[in-house]
Peer 1: 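Please find one structure pasted underneath; my questions will follow.
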Amino acid sequence: MSSKRGLDAQGYIEREGSLGLVPAAFRPVVASARDRVLDVFGARLHSAYLYGSIPRGTARVGRSDLDLLLVLREEPTEADRADARTLDEALDKEFTRIDGAGTLLAGRAQVLSDLERHDLGWFVACLCTPLLGEDLAEELPRYRPDTLLARETNGELALLLPRWRERIAEVTAAAGADGPQEAALRPLVRHMSRHLVRTGFTLVMPRWNGWTSDLAEMAEVFAAYYPELDRPRRAAQLREAAVLGHEPVGDRAVLRSYVDDLGPWLAEEYARVHGVKDPRP
C-alpha cells in the first residue's frame with residue numbers, strides 16, 4: 001500500500017489526475033470528446049471534466065472506458081441526457097481503444113449546493129480533471145477522509161440494492177430473448193464490483209486516513225483495517241470484486257452474490273459505522 005495515501009501536507013485529499021497524465025493512445029479520444037462536447041452543448045455548458053483511469057494515466061487500450069462529467073449552467077433536461085447518450089455512442093463507435101463512454105450531467109447549482117457539498121462537490125474537487133470551462137473546484141472547500149465524507153459519498157447502498165436487483169432481472173430477460181447473457185451482464189459486473197469495493201474502502205477510510213482510487217489497494221486497505229471476526233471472508237470477496245472491476249465476467253451468480261450477500265452486509269455495516277447518506281430529492 002502507498003505511504004503517501006493521497007493527502008497533502010495538511011491532511012487534505014489531493015486532487016487526482018491531470019491532462020498531462022493522459023496516455024498517448026487516449027489523447028485523440030479526449031481531443032475528440034472535447035470538441036464534440038462544445039459542438040453539442042455550446043453555451044449551455046459551464047464546464048467539462050474527465051475522471052477515471054484515463055486522466056489518472058492507468059487506462060488500458062481496449063479495456064478502459066471514457067468517463068466525462070458535464071456541468072451545465074442550468075439543471076439538465078431530458079433532451080440534454082439524450083444528447084449525452086448520443087455523444088457516448090458516437091465516441092464508443094469511433095474509438096475502439098475505449099470500452100465504452102459514459103457522460104454524467106449535473107447543473108452548476110447542484111454541484112455547489114450544501115446537500116452535495118460532500119458528494120458531488122467532493123467528486124468534482126478531488127476526482128475530476130478540468131477539460132473545459134471554469135473549474136468549480138475553486139468554489140469548493142478542501143476535504144479530509146473523515147466519516148462525514150464516507151457517509152455522503154457511499155452511504156446510499158441500501159437504496160441502490162433494489163434498483164440493482166431490478167436491473168439484473170431486466171438485462172437477464174432481454175439478453176435471454178435477444179442474445180448471449182455474458183456480454184450483456186459484463187457491464188453490470190464491472191459497475192457493481194467497483195461500487196462495492198469503493199464502499200468497502202470508505203467504510204474503513206477514516207481509520208486508514210487517506211485516499212486512493214486503485215481498486216486493488218482499496219481492497220487491501222479494507223482487509224487490513226476491517227476489525228470484525230468475519231474479515232477473512234469479506235476481504236476475499238472485496239479482493240475478488242476488485243479483480244472483476246477491471247476484468248469483468250458476465251456471470252449472473254456473481255451479481256446475485258452482490259445483491260443477496262455482500263451488498264446487504266456492507267449496507268448494514270455502513271449504516272452502523274457511518275450512518276445513512278442524507279436523502280436526495
Peer 1: Are side-chain heavy atoms of L148 and Y143 found at a separation under 4.5 Å?
Peer 2: no
Peer 1: Any donor and acceptor pair, going by atom type alone, linking the side chain of S32 with main-chain N or O of V29 inside 3.5 Å?
Peer 2: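 The answer is no, because no donor-acceptor pair under 3.5 Å joins these two groups.
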Peer 1: Between atom CZ of R117 and atom CG of L112, what is the distance when rounded to the nearest 0.5 Å?
Peer 2: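 Going from the CZ atom of R117 to the CG atom of L112 covers 7.5 Å.
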Peer 1: Within a strict 4.5 Å, meaning less than it, do heavy atoms of the R63 and E247 side chains meet?
Peer 2: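 Yes, close enough: below the 4.5 Å cut-off.
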Peer 1: Tell me, do Y258 and H195 make a side-chain contact under 4.5 Å, heavy atoms counted?
Peer 2: no
Peer 1: Taking only residues at least two apart or on different chains, which pairs with a member in residues 121-132 satisfy salt bridge (charged side-chain N to carboxylate O under 4.0 Å, His left out)?
Peer 2: none
Peer 1: Run the numbers on T172 and Q181 for side-chain hydrogen bond (donor to acceptor under 3.5 Å, both in side chains), then give the verdict.
Peer 2: CA-CA 6 Å; T172 300; Q181 283 192 5; 4.7 Å; no
Peer 1: Is it true that D146 and R151 make a salt bridge, defined as a side-chain N closer than 4.0 Å to a carboxylate O?
Peer 2: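 Looking at D146 and R151, the cut-off is not met.
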Peer 1: List the atom of L266, the atom of G200, and the distance in Å for their closest heavy-atom pair.
Peer 2: CD2-CA, 3.9 Å
Peer 1: Under the side chain to side chain contact (heavy atoms under 4.5 Å, CB included) rule, what do L45 and R73 come out as? Steps first, then yes or no, please.
Peer 2: CA-CA 6 Å; L45 183 74; R73 299 186 184 280; over 6 Å; no
Peer 1: Any idea which heavy atoms bring P145 and G11 closest together, and the distance?
Peer 2: CD-O, 3.9 Å
Peer 1: Do D260 and W265 have side chains that get closer than 4.5 Å, going by heavy atoms?
Peer 2: no
Peer 1: Does the R207 side chain pair with the main chain of Y225, one donor and one acceptor, at a distance under 3.5 Å?
Peer 2: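 Yes: the side chain of R207 pairs with the backbone of Y225.
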Peer 1: Please assess D67 against I54 for the test side chain to side chain contact (heavy atoms under 4.5 Å, CB included), listing each intermediate value before the final yes or no.
Peer 2: CA-CA 8 Å; D67 297 308; I54 290 180; over 6 Å; no
Peer 1: Tell me, with the steps shown, if T153 and D119 meet side-chain hydrogen bond (donor to acceptor under 3.5 Å, both in side chains).
Peer 2: CA-CA 5 Å; T153 54; D119 188 8; 5.9 Å; no
Peer 1: Checking R97 side chain against G62 main chain: does a donor-acceptor pair fall under 3.5 Å?
Peer 2: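 A pair under 3.5 Å: no.
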Peer 1: For residues D83 and T86, is any side-chain donor paired with an opposing acceptor at under 3.5 Å?
Peer 2: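 No, no side-chain donor-acceptor pair sits under 3.5 Å.
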Peer 1: Same cluster or not: are L196 and V249 linked, directly or through other Ile, Leu, Val, Met, Phe, Trp or Tyr residues, by side-chain heavy atoms under 4.5 angstrom apart?
Peer 2: yes
Peer 1: Just how far is it from atom CG of L69 to atom CG of L50, taken to the nearest 0.5 Å?
Peer 2: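 L69 CG to L50 CG: 10.0 Å, rounded to 0.5 Å.
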Peer 1: From D214 CG over to T58 OG1, what is the distance, rounded to the nearest 0.5 angstrom?
Peer 2: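 That separation rounds to 7.5 Å.
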Peer 1: If you take all heavy atoms of P187 and A184, which pair is closest and at what distance?
Peer 2: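 Heavy-atom minimum between the residues: CD-O, 3.4 Å.
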Peer 1: Report yes or no: does D65 contribute a side-chain atom to a donor-acceptor pair with the main-chain N or O of D99 at less than 3.5 Å?
Peer 2: no
Peer 1: Quick one: do R85 and D88 make a salt bridge, cutoff under 4.0 Å?
Peer 2: no
Peer 1: Using side chain to side chain contact (heavy atoms under 4.5 Å, CB included), reason through H46 and L72 one step at a time and then give a plain yes or no.
Peer 2: CA-CA 5 Å; H46 174 274; L72 306 184; over 6 Å; no
Peer 1: Hey, are D261 and R233 close enough for a salt bridge, meaning a charged N less than 4.0 Å from a carboxylate O?
Peer 2: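 Looking at D261 and R233, the cut-off is met.
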Peer 1: Using a 3.5 Å distance criterion without hydrogens, assess whether the side chain of R5 forms a donor-acceptor pair with backbone atoms of W208.
Peer 2: yes
Peer 1: Is it true that E152 and K277 make a salt bridge, defined as a side-chain N closer than 4.0 Å to a carboxylate O?
Peer 2: no
Peer 1: Do the side chain of E116 and the main chain of G121 share a donor and acceptor less than 3.5 angstrom apart?
Peer 2: no
Peer 1: Quick check: closest heavy atoms across A241 and V197, and the distance to 0.1 Å?
Peer 2: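 Scanning both residues completely, I find the closest heavy atoms to be CB-CG2, 3.6 Å.
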Peer 1: Check whether any side-chain heavy atom of V171 sits under 4.5 Å from a side-chain heavy atom of L185, and report yes or no.
Peer 2: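 Contact flag for V171/L185 side chains = yes.
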Peer 1: With distance as the sole test, does Y270 use its side chain to make a donor-acceptor pair with the main-chain N or O of E156 at under 3.5 Å?
Peer 2: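 Here the side-chain-to-backbone pair does not exist.
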Peer 1: Any side-chain heavy-atom pair from Y12 and L7 closer than 4.5 angstrom?
Peer 2: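 Y12 vs L7: side chains apart.
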Peer 1: Taking a hydrophobic cluster as the set of Ile, Leu, Val, Met, Phe, Trp and Tyr residues connected by side-chain heavy atoms closer than 4.5 Å, whether directly or through intermediates, do L68 and V71 fall within one such cluster?
Peer 2: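 No, no single cluster joins them.
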Peer 1: Is it the case that one hydrophobic cluster holds both L161 and I168, taking links as side-chain heavy atoms less than 4.5 Å apart, direct or via other members?
Peer 2: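 Cluster IDs for L161 and I168 match.
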Peer 1: Under a 3.5 Å distance rule, please check whether R165 uses its side chain to pair with a backbone N or O of V259 as donor and acceptor.
Peer 2: yes
Peer 1: Any salt bridge (charged side-chain N to carboxylate O under 4.0 Å, His left out) involving residues 121-132? Give me the pairs, sequence neighbours left out, ordered by first then second residue.
Peer 2: none
Peer 1: So do L149 and I13 actually touch side chain to side chain, heavy atoms under 4.5 Å?
Peer 2: yes
Peer 1: Determine, using the 4.5 Å side-chain heavy-atom cutoff (strictly less than), whether L160 and V276 are members of one ILVMFWY cluster.
Peer 2: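 No, separate clusters.
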Peer 1: Determine whether R280 and L115 make a side-chain contact, defined as any pair of heavy atoms from C-beta on separated by less than 4.5 Å.
Peer 2: yes
Peer 1: Using a strict threshold of under 4.0 Å (side-chain N to carboxylate O), is an ion pair present between R186 and D251?
Peer 2: no
Peer 1: Distance from E217 atom CD to T212 atom OG1, nearest 0.5 Å?
Peer 2: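 E217 CD to T212 OG1: 3.5 Å, rounded to 0.5 Å.
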Peer 1: Using the side chain to side chain contact (heavy atoms under 4.5 Å, CB included) definition, which of the options V40, L105, D80 pairs with L70?
Peer 2: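 Among V40, L105, D80, the one that satisfies the side chain to side chain contact (heavy atoms under 4.5 Å, CB included) with L70 is L105.
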Peer 1: Evaluate Y226 against E269 for side-chain hydrogen bond (donor to acceptor under 3.5 Å, both in side chains), listing each step before the verdict.
Peer 2: CA-CA 11 Å; Y226 185 70; E269 277 298 283; 2.7 Å; yes
Peer 1: Can you give the donor-acceptor pairs under 3.5 Å from side chains of residues 122-138 to other protein atoms, not counting sequence neighbours?
Peer 2:
{"from": "D135", "atom 1": "OD1", "to": "R15", "atom 2": "NH2", "distance (Å)": "3.0"}
{"from": "D135", "atom 1": "OD1", "to": "A137", "atom 2": "N", "distance (Å)": "3.1"}
{"from": "D135", "atom 1": "OD2", "to": "R15", "atom 2": "NH1", "distance (Å)": "2.6"}

Peer 1: If we ignore hydrogens and angles and just use 3.5 Å, is the side chain of S193 paired with the main-chain N or O of R190 as donor and acceptor?
Peer 2: no
Peer 1: When rounded to the nearest 0.5 angstrom, what is the spacing between NE2 in H274 and OG1 in T147?
Peer 2: 4.5 Å
Peer 1: Apply side chain to side chain contact (heavy atoms under 4.5 Å, CB included) to the pair W211 and M218, showing each step before the final yes or no.
Peer 2: CA-CA 9 Å; W211 175 263; M218 285 181 166; 4.1 Å; yes
Peer 1: When clusters are formed by joining ILVMFWY residues with side-chain heavy atoms under 4.5 Å apart, either directly or through shared neighbours, do F201 and L244 land in the same one?
Peer 2: yes
Peer 1: Could you tell me which non-hydrogen atom of L21 sits nearest to which non-hydrogen atom of P55, and how far apart they are?
Peer 2: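 Nearest pair, atom of L21 first, then P55: CB-O, 3.3 Å.
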Peer 1: Salt bridge between R163 and E166, side-chain N to carboxylate O under 4.0 Å?
Peer 2: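 Result for this pair is no, no salt bridge flagged.
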Peer 1: Any chance you could measure Q110, atom CD, to E75, atom CD, to the nearest 0.5 Å?
Peer 2: 5.5 Å
Peer 1: Answer yes or no: is there a donor N or O on one side and an acceptor on the other, between the side chain of R108 and the main chain of E74, under 3.5 Å?
Peer 2: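 Looks like no, no N/O pair under 3.5 Å.
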Peer 1: If every non-hydrogen atom of L91 is compared with every non-hydrogen atom of I98, which pair is closest and at what distance?
Peer 2: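 That closest heavy-atom pairing would be O-CD1, 3.8 Å.
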